[in-house]
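Report on the following structure.
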Amino acid sequence: MAPTISLQNFILSTTFLLLFFTTPSFSQQSFRPKALVAKVSKDTSTLQYLTYLSQRTPLVPISLVFDVGGQFLWVDCESNYVSSTYRPARCRSAQCSLAKASGCGDCFSSPRPGCNNNTCGVSPDNTVTHTATGGKLAEDVVSIQSTDGSNPGRNVTVSRFLFSCAPSFLLQGLANGVSGMAGLGRTRISLPSQFASAFSFRRKFAICLSSSKNGVVFFGDGPYVFLPGKQFSSFTYTPLILNPVSTASASSQGEPSSEYFIGVKSIRIGENVTVWVNSTLLSINQETGFGGTKISTVNPYTVLEYSIFKALTETFTREAAARNITSVGAVAPFEACFSRENILSTRLGASVPTIELVLQNENTVWRIFGANSMIQVSDDVLCLAFVNGGENPRTSIVIGGYQLEDNLLQFDLATSRLGFSSTLLGRQTTCANFNFTSNA
Ligand SMILES: *[C@@H]1O[C@H](CO)[C@@H](O)[C@H](O)[C@H]1NC(C)=O
Ligand SMILES: *[C@@H]1O[C@H](CO)[C@@H](O)[C@H](O)[C@H]1NC(C)=O
Ligand SMILES: *[C@@H]1O[C@H](CO)[C@@H](O)[C@H](O)[C@H]1NC(C)=O
Ligand SMILES: *[C@@H]1O[C@H](CO)[C@@H](O)[C@H](O)[C@H]1NC(C)=O
Ligand SMILES: *[C@@H]1O[C@H](CO)[C@@H](O)[C@H](O)[C@H]1NC(C)=O
Ligand SMILES: *[C@@H]1O[C@H](CO)[C@@H](O)[C@H](O)[C@H]1NC(C)=O
């Protein structure tokens with residue numbers, strides 16, 4: 001019996017070690033935050049949204065392009081990465097399996113962050129330029145502010161936050177000064193998943209993008225409070241749909257998409273006029289992953305497949321004409337533009353026909369009012385802020401940043417549903433109204 005007992009001991013201690021190592025990261029503090037908060041600002045030259053964290057030892061503040069559907073955090077390790085707490089993820093470790101890391105290999109040069117032997121690899125993806133490359137999985141300290149929902153509180157750190165090192169060239173096409181991209185997608189190593197497991201809160205996060213000043217991202221549950229004391233805790237909900245086929249620039253076969261898809265069933269202009277849309281384009285083809293509707297923070301404007309774009313702009317223009325709103329010439333990248341004459345401005349933006357995305361039933365509707373549908377391109381001209389995605393794009397409807405601004409969206413990874421607020425302008429606040437004054 002003795003061998004059995006020692007085998008059992010062996011299994012027990014292995015289980016213990018595995019448990020220890022499969023916790024991807026843990027907090028050093030006894031203070032356990034309920035939620036975390038970070039700024040999300042808009043870079044005016046690239047129209048990319050940026051977020052901010054501190055990483056490494058000693059801590060260095062870094063800015064990152066904010067990618068809601070991105071797979072994980074990736075950072076340029078080739079220039080100025082200095083940290084006493086950087087650790088490569090060893091081949092066949094629990095970290096590598098959590099990351100579903102593929103390659104396992106050596107690096108034939110002197111060791112430095114991003115170059116270590118016996119380390120597993122992932123594919124950091126620049127989703128702006130659609131460029132992916134090989135990168136090494138690693139861990140380091142990440143620091144972020146906690147929140148009670150109203151203000152930032154004290155800073156908390158995750159000592160072993162998983163990320164991918166990337167070469168400097170992968171930053172091409174991203175805003176000046178960024179160190180990489182922050183992926184919030186549906187993977188076990190995205191920012192929301194790692195924060196949730198480090199601090200034992202629900203796998204939930206909420207985003208509120210702003211056109212000008214600081215918008216905000218919350219990791220964890222609400223309340224989400226915006227000045228002057230507007231608290232958001234109830235939403236309209238729609239299921240988040242899994243696309244079984246990866247939409248990343250590089251992927252292995254059978255890997256699902258890390259992006260967030262929702263089920264748009266039809267599109268209306270106002271409540272009574274339906275835009276004719278080929279319904280095949282609205283669902284995700286389970287073999288190819290083509291079609292469907294996703295939410296993206298790396299596309300500045302909503303991108304529509306050619307036939308949907310054409311039908312939407314024609315129907316919208318006709319309904320606008322019925323309100324005596326006159327079309328004028330296109331202003332790139334937009335095609336449907338209008339004279340500002342006869343367009344009143346209201347609290348919800350330009351007074352134009354509302355674009356309605358009808359979701360799982362006729363009563364679950366994402367309404368896009370003038371503030372999110374129209375963009376002023378000159379003193380006299382407003383354009384419909386949607387762009388033509390051409391024929392046969394991978395995803396038929398990509399809801400982009402401009403349409404998300406001043407809407408609070410809550411992603412619940414555990415129940416796989418999206419909560420949306422509709423425009424906060426209707427509630428007399430904006431996404432720039434989170435009080436970032438610390439009360440720590
Ligand atoms: C990896 O191992 C090889 C062979 O032992 C060695 O030449 C190389 O310097 C090592 N690289 C690193 C980054 O440690
Ligand atoms: C806490 O984090 C914020 C934002 O990352 C940073 O500006 C601030 O200096 C940090 N505070 C301390 C005490 O480290
Ligand atoms: C839609 O149709 C209903 C019923 O005919 C009507 O009461 C309502 O005013 C219409 N809405 C708009 C925006 O035209
Ligand atoms: C609808 O779209 C699908 C996929 O692009 C295409 O195969 C089909 O021919 C389209 N149907 C119509 C009626 O245009
Ligand atoms: C439509 O606009 C034109 C030009 O601004 C104006 O002269 C006309 O009175 C308007 N008609 C209606 C029905 O509002
Ligand atoms: C923002 O929060 C700080 C700290 O709690 C508070 O002192 C300040 O009054 C708040 N600002 C507004 C405009 O309410």
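Both counts, for ligands and for their atoms, begin at 1 and track the order of listing.
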Legend entry - Option nearest atom 11 (N) of ligand 2 (shortest heavy-atom distance, choices Leu53, Val156, Asn155): Asn155
Inset, instruction - Would you check if there is a donor-acceptor pair between the side chains of Glu139 and Tyr86 at a distance under 3.5 Å? - result: no
Legend entry - Closest non-hydrogen atom pair, Leu209 against Cys431: O-CB, 3.3 Å
Legend entry - Atoms in ligand 1 with a heavy atom of Ser109 nearer than 4.0 Å: 9 (O), 11 (N), 12 (C), 13 (C)
Inset, instruction - Find all atoms of ligand 1 within a distance of less than 4.0 Å from any non-hydrogen atom belonging to Cys115, and give their numbers and elements. - result: 13 (C)
Legend entry - Proximal candidate to atom 6 (C) of ligand 1 [heavy atom criterion; set Thr119, Asp106, Asn117]: Asn117
Legend entry - Distance-only N or O hit between ligand 6 and Ser438, under 3.5 Å: no
Inset, instruction - May I ask you to check whether Cys107 has an N/O atom sitting below 3.5 Å from an N/O atom of ligand 1? - result: yes
Legend entry - Sub-2.5 Å SG contact, Cys91 and Cys96: no
Inset, instruction - Take atom 9 (O) of ligand 6 and look for protein heavy atoms under 4.0 Å from it; say yes if you find one, no if not. - result: no
Inset, instruction - Check each of Leu227, Asn435, Asn151 against atom 1 (C) of ligand 6 and report the one with the nearest heavy atom. - result: Asn435
Inset, instruction - Assess the cysteine pair Cys165 / Cys77: is their SG-SG separation shorter than 2.5 Å? - result: yes
Legend entry - Protein contact of atom 7 (O) of ligand 1 - nearest heavy atom, named by residue and atom, plus distance: Phe108 CD2, 4.7 Å
Inset, instruction - Answer yes or no for atom 14 (O) of ligand 1: protein heavy atom present at a distance under 4.0 Å? - result: yes
Inset, instruction - Before signing off on this row, confirm whether Asn116 and ligand 1 have an N or O atom pair separated by under 3.5 Å. - result: no
Inset, instruction - Would you tell me whether Asn126 and Thr131 have side-chain atoms, one donor and one acceptor, within less than 3.5 Å of each other? - result: no
Inset, instruction - Starting from atom 5 (O) of ligand 2, find the nearest protein heavy-atom neighbour and note its residue, name and distance. - result: Ser54 OG, 4.0 Å
Inset, instruction - Mark yes or no: Lys39 above the aromatic ring of Phe436, with NZ or CZ under 6.0 Å from the six-membered ring centre and no more than 45 degrees from the axis. - result: yes
Inset, instruction - For the pair Glu405 and Lys42, find out whether any cationic side-chain nitrogen is under 4.0 Å from an anionic carboxylate oxygen. - result: yes
Inset, instruction - Find out whether the Lys NZ or Arg CZ of Arg56 is both under 6.0 angstrom from the six-membered ring centre of Tyr81 and within 45° of the ring's axis. - result: yes
